[in-house]
2 protein chains.
Amino acid sequence: MATRTVAQRREQQRREYDAFMATCPARKLLDRISDKWVSLVLTALTGGPQRYSDLSRRIAGVSQKMLTQTLRTMERDGLLTRTVTAAVPVRVDYRLTALGESLLPLMAAIKAWAETHIEAVERAQAAYDEASAQ
Amino acid sequence: MATRTVAQRREQQRREYDAFMATCPARKLLDRISDKWVSLVLTALTGGPQRYSDLSRRIAGVSQKMLTQTLRTMERDGLLTRTVTAAVPVRVDYRLTALGESLLPLMAAIKAWAETHIEAVERAQAAYDEASAQ
DNA sequence: CGGCATCCTGTGCGATACTG
DNA sequence: CAGTATCGCACAGGATGCCG
């Protein structure tokens with residue numbers, strides 16, 4: 001029965017990891033804002049409230065399913081508010097909350113790092129690819 | 001033939017999006033560092049070089065496949081170096097480069113935001129869930 | 001020890017069609 | 001206009017086995 005420890009250790013580690021993920025705020029945050037579309041919605045809403053259709057037009061390539069899903073999640077997280085205006089046709093506006101806006105400096109910092117270092121990264125990639133091609 | 005514009009517009013938008021993704025440094029960076037394991041490897045290597053087996057032990061729950069894949073990508077991006085010491089058994093050390101270390105302040109900023117605002121996010125989630133439960 | 005190759009499953013996500 | 005519901009599949013990623 002000694003061999004079962006292999007599988008058991010993995011299982012144990014997975015549980016440790018899950019517990020870590022559940023309690024680590026930074027990881028949870030990264031999971032959220034790193035979402036494919038969250039940063040784009042954040043940027044699109046920086047200039048002020050936008051309607052659903054505006055967002056879907058401004059964010060090229062997003063499917064309606066993912067846009068809705070992203071907006072719902074961000075609303076749940078308190079990053080934006082969803083305002084329905086009863087009319088024909090219906091009108092729905094999305095607006096960043098203070099919490100959502102507090103993320104903008106962080107996005108700016110990420111953007112700044114990227115613009116400063118992306119060249120170095122791409123040089124490293126080129127060098128790596130060339131070296132492994134031989 | 002007018003109806004084909006629907007599919008065509010989608011296709012067009014997808015191409016626009018791909019072009020955007022290919023040229024936006026911030027998005028590319030976000031895609032990298034938001035990877036499930038990159039931040040953990042970054043953290044694990046902060047204190048100095050580590051061997052492969054050390055990393056797999058320190059980062060609970062990572063599969064060997066994902067750890068290797070993450071390390072390869074980060075090496076390719078120039079974020080860390082991989083040093084093989086020929087011996088029996090082989091010894092492999094991973095160490096952050098200056099480029100990799102320059103990411104640490106950014107990670108710290110993310111961590112700081114998370115720790116400052118995570119409570120607000122969780123309150124928002126609780127409120128949202130309760131409201132939608134009725 | 002530090003991997004790589006293979007197989008296999010879950011599910012994220014796009015496409016499509018329908019509704020208030 | 002602003003979604004919800006359903007289907008289908010590509011693909012990420014875990015498990016396993018082999019190798020230098």
Side-chain angles (χ1 to χ4, degrees), chain A residues 3-15 17-18 21 31-32 34-38 40-41 49-75 80-95 132, chain B residues 3-18 21 31-32 34-38 40-41 49-76 80-95 132:
Chain A
T3 49
R4 85 193 145 155
T5 41
V6 177
Q8 282 190 335
R9 180 178 308 171
R10 279 265 177 240
E11 193 45 33
Q12 166 69 8
Q13 287 190 332
R14 246 181 55 87
R15 251 176 285 125
Y17 170 72
D18 288 344
M21 286 294 276
D31 278 351
R32 303 254 180 237
S34 71
D35 184 284
K36 231 182 174 222
W37 305 107
V38 167
L40 295 176
V41 171
Q50 295 278 327
R51 300 183 58 173
Y52 181 90
S53 47
D54 292 332
L55 287 173
S56 77
R57 236 172 290 113
R58 288 180 55 143
I59 307 178
V62 69
S63 70
Q64 140 271 34
K65 176 179 179 177
M66 287 322 291
L67 180 56
T68 300
Q69 194 176 108
T70 303
L71 290 169
R72 280 298 181 287
T73 305
M74 290 175 73
E75 185 194 1
L80 51 78
T81 59
R82 175 172 178 272
T83 311
V84 181
T85 306
V88 180
V90 189
R91 174 194 178 99
V92 181
D93 287 273
Y94 292 91
R95 178 199 305 257
S132 59
Chain B
T3 48
R4 85 195 146 155
T5 43
V6 177
Q8 282 191 337
R9 181 177 308 170
R10 280 267 175 240
E11 194 44 33
Q12 166 68 8
Q13 287 189 332
R14 246 182 54 87
R15 252 176 284 126
E16 277 176 34
Y17 171 73
D18 288 343
M21 285 295 276
D31 277 351
R32 304 257 179 233
S34 71
D35 184 283
K36 231 184 172 217
W37 305 108
V38 168
L40 295 175
V41 171
Q50 297 276 329
R51 299 183 58 173
Y52 181 91
S53 48
D54 292 332
L55 287 174
S56 77
R57 235 172 290 112
R58 289 180 53 146
I59 306 177
V62 69
S63 70
Q64 152 273 5
K65 176 181 178 176
M66 288 321 292
L67 180 56
T68 300
Q69 194 175 109
T70 303
L71 289 170
R72 280 299 180 286
T73 305
M74 291 176 71
E75 186 195 2
R76 177 168 182 267
L80 52 78
T81 59
R82 176 172 179 270
T83 311
V84 182
T85 306
V88 181
V90 189
R91 174 195 178 100
V92 180
D93 287 273
Y94 291 91
R95 178 199 305 258
S132 58

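Naming convention: chains lettered A, B, ... in sequence-line order (proteins, then strands); numbering from 1 in each chain. For the numbers below, each heavy atom of this structure counts, side chains included, while hydrogens, waters and symmetry mates do not.
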Quick one: are [X] and [Y] in side-chain contact, heavy atoms under 4.5 Å?
X     : Y     : answer
A:V90 : A:V84 : yes
A:K36 : A:M66 : no
B:R72 : B:R76 : no
B:Y94 : B:L71 : yes

For this session: Could you check B:L80 against B:V41 for side chain to side chain contact (heavy atoms under 4.5 Å, CB included), going step by step and ending with a plain yes or no?
Result: CA-CA 10 Å; B:L80 52 78; B:V41 171; 4.2 Å; yes
Is the distance from OP1 or OP2 of [N] to the nearest side-chain N or O of [X] less than 4.0 Å?
X     : N     : value
A:S53 : D:dA2 : yes
B:R82 : C:dG2 : no
B:R51 : C:dG2 : yes
B:Y52 : C:dC4 : no

Problem set entry | Between the first and last five pairs of the helix from C:dC1-D:dG20 to C:dG20-D:dC1, the angle of the axes, rounded to 10 degrees | 50°
Problem set entry | B:R95/B:D93 under salt bridge (Lys or Arg N to Asp or Glu O under 4.0 Å): CA gap, chis, key distance, verdict | CA-CA 7 Å; B:R95 178 199 305 258; B:D93 287 273; over 6 Å; no
Nearest-Å distance for atom pair [atom1]/[atom2], residues [X] and [N]:
X     : N      : atom1 : atom2 : value
A:I59 : C:dC13 : CD1   : P     : 15 Å
A:L67 : D:dA2  : CG    : P     : 10 Å
A:Q64 : D:dG3  : CD    : P     : 10 Å
A:L71 : D:dA2  : CG    : P     : 11 Å
A:R91 : C:dG20 : CZ    : C1'   : 19 Å

For this session: To the nearest 0.5 Å, tell me how far A:R82 CZ sits from A:Y52 OH.
Result: 10.0 Å
Exercise. How many angstroms lie between OG1 in B:T70 and CD in B:E75, if you round to the nearest 0.5 Å?
Worked result: 12.5 Å
Scan nucleotides 11-14 of chain D against the protein and return all N/O pairs shorter than 3.5 Å with their distances rounded to 0.1 Å.
residue: D:dG13; atom: N7; partner: B:K65; partner atom: NZ; Å: 3.0
residue: D:dG14; atom: OP2; partner: B:S63; partner atom: OG; Å: 2.6
residue: D:dG14; atom: O6; partner: B:K65; partner atom: NZ; Å: 2.7

For this session: For A:T81, enumerate each residue passing the side-chain hydrogen bond (donor to acceptor under 3.5 Å, both in side chains) test, keeping only those at least two apart in sequence or located in another chain.
Result: none
Exercise. Quick one: on DNA chain C, does B:R57 or B:R72 contact a more 5' nucleotide (nearest heavy atom)?
Worked result: B:R57
